[in-house]
2 protein chains.
Amino acid sequence: MTDRPTTRRPPMGARTGYRLVKLADLLLVLADRTLATLGVKSKHVHVLETLLTYDSLSQQDVSRLLGIDPNVLVGVLDELEARGFAERRRNPRDRRRHVIQVTDAGRALVAESTRLLDEAEDAFFTAVSAADRQVVHDAAGLLLAAHRPGWSEESPGAGC
Amino acid sequence: MTDRPTTRRPPMGARTGYRLVKLADLLLVLADRTLATLGVKSKHVHVLETLLTYDSLSQQDVSRLLGIDPNVLVGVLDELEARGFAERRRNPRDRRRHVIQVTDAGRALVAESTRLLDEAEDAFFTAVSAADRQVVHDAAGLLLAAHRPGWSEESPGAGC
DNA sequence: TATTGTTATACTCTATAACTATA
DNA sequence: TATAGTTATAGAGTATAACAATA
């Protein structure tokens, strides 16, 4: 039912991996276009969301949780600080580390971003049933748990 | 059942879009790592597969079908020609256009790539049931059809 | 000596626009 | 004038290694 004989389609389109990679391209631009109204990109929101979920994370913790390199996090935090969404403070117990505080403006940004992203995602997924969408959601979670270490970690051990 | 209360996870992990984007990262490196044995990247194989599916395509046709810019296709074709996998010839009916021929070596490369990629993908998806994998496959196809024009085209009108 | 955050560097991708040759 | 392929260029993103401050 998926492939009708009248439609010729390059064979890589028959591979789930190819489809998912192309789909992710669309989802990425959708997210960034959605957040453009707020003047930020997805990565900024992801950093803030991570900071709000755990307590007193160092930059290394955030890097590891998000799977981004510590040196790119520097730039993202610079931008978040410049816009007043977060603040870097020294960790008094280990003055090499920073403890990053999310400001009230940062919390408001996350709240509004969540609303906009959920809305955009709902619109994007209207082509598939709620049940199938749930299967996709769960399958993606299982595959990430199987192949990306750190996806379903208990805690980053941030207390230091 | 998906989220156990003992596991804290940043909220963007609850969005299907975020999961699919991260999943696509893994699939992309899996594909390129799999093909590294053959000395090519996914994009080279995609171009060859497209050329084999339709007949006498111009570079513009291939660009549009794959959703890549014509100027990057130039580089990919340069590499494919240098390795003997394809050849550019002038279209006698319109000498501005090229007709790209896939060589026997190119066909062999596609065959071997398909084998390796299918194998790698099967291994990657072992964490989910065959039924759920099919749901993911079909849902991805539906979403691409809904949001990416040109995904399920009838034909590129290549005759010229 | 090892680690945290930072900076510097190079490499890859991408996107835009110019250029040529043909039409 | 418009189109197909090519080239040039600049911008974003990424990955690696060096560096200063602190442990």
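Note on naming: letters A, B, ... go to the chains in the order of the sequence lines (proteins, then strands), and numbering restarts at 1 for each one.
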Quiz prompt | Integer-rounded Å distance: C:dA23 P and B:Q60 CD | solution = 16 Å
Quiz item: D:dA23, D:dT16, D:dT6: which one has an atom nearest the side-chain heavy atoms of B:R88?
Solution: D:dT6
Quiz item: Expressed in angstrom and rounded to an integer, what is the separation of A:D25 atom CG from D:dG13 atom P?
Solution: 14 Å
Quiz item: Just how far, in rounded Å, is P of D:dA15 from CG of B:D32?
Solution: 13 Å
Quiz item: Does A:K41 put a side-chain nitrogen or oxygen below 4.0 Å from OP1 or OP2 of D:dG13?
Solution: yes
Self-check item: Value in whole Å for how far the P atom of D:dA12 lies from CG of A:L28
Solution: 16 Å
Exercise. Inspect the contact between B:E121 and B:R133 and indicate whether a charged nitrogen and a carboxylate oxygen are less than 4.0 angstrom apart.
Key: yes
Quiz item: So, does B:D61 use its side chain to make a donor-acceptor pair with the main chain of B:S58 at under 3.5 Å?
Solution: yes
Quiz prompt | Of the listed nucleotides C:dA8, D:dG5, D:dA23, the one nearest the side chain of A:N71 | solution = C:dA8
Quiz item: Whole-Å distance between C:dT14 P and B:L66 CG?
Solution: 13 Å
Exercise. Select one nucleotide: of D:dA4, C:dT4, C:dT6, the one nearest the side-chain heavy atoms of A:R96.
Key: C:dT4
Quiz prompt | From D:dT22, C:dG5, D:dT16, nucleotide with atom closest to A:V74 side chain | solution = C:dG5
Quiz item: Does A:R97 put a side-chain nitrogen or oxygen below 4.0 Å from OP1 or OP2 of C:dT4?
Solution: yes
Quiz item: Does the A:E81 side chain pair with the main chain of A:R88, one donor and one acceptor, at a distance under 3.5 Å?
Solution: yes
Quiz item: Between CG of B:L109 and CG of B:L48, what distance do you get to the nearest 0.5 Å?
Solution: 6.0 Å
Quiz item: Quick one: A:R95 CZ to C:dT6 P, roughly how many Å, whole number?
Solution: 13 Å
Quiz item: Is the backbone of A:V99 close enough, under 3.5 Å, to the side chain of A:R90 for a donor and an acceptor to pair up by distance?
Solution: no
Exercise. Rounded off to whole Å, could you give me the CG-to-C1' distance for the B:L73 and D:dT7 pair?
Key: 15 Å
Exercise. Measure the distance from NZ on B:K43 to P on C:dT12 and round it to the nearest whole Å.
Key: 10 Å
Quiz item: Looking at B:Q59, does any N or O in its side chain come under 4.0 Å of the phosphate oxygens OP1/OP2 on D:dA4?
Solution: no
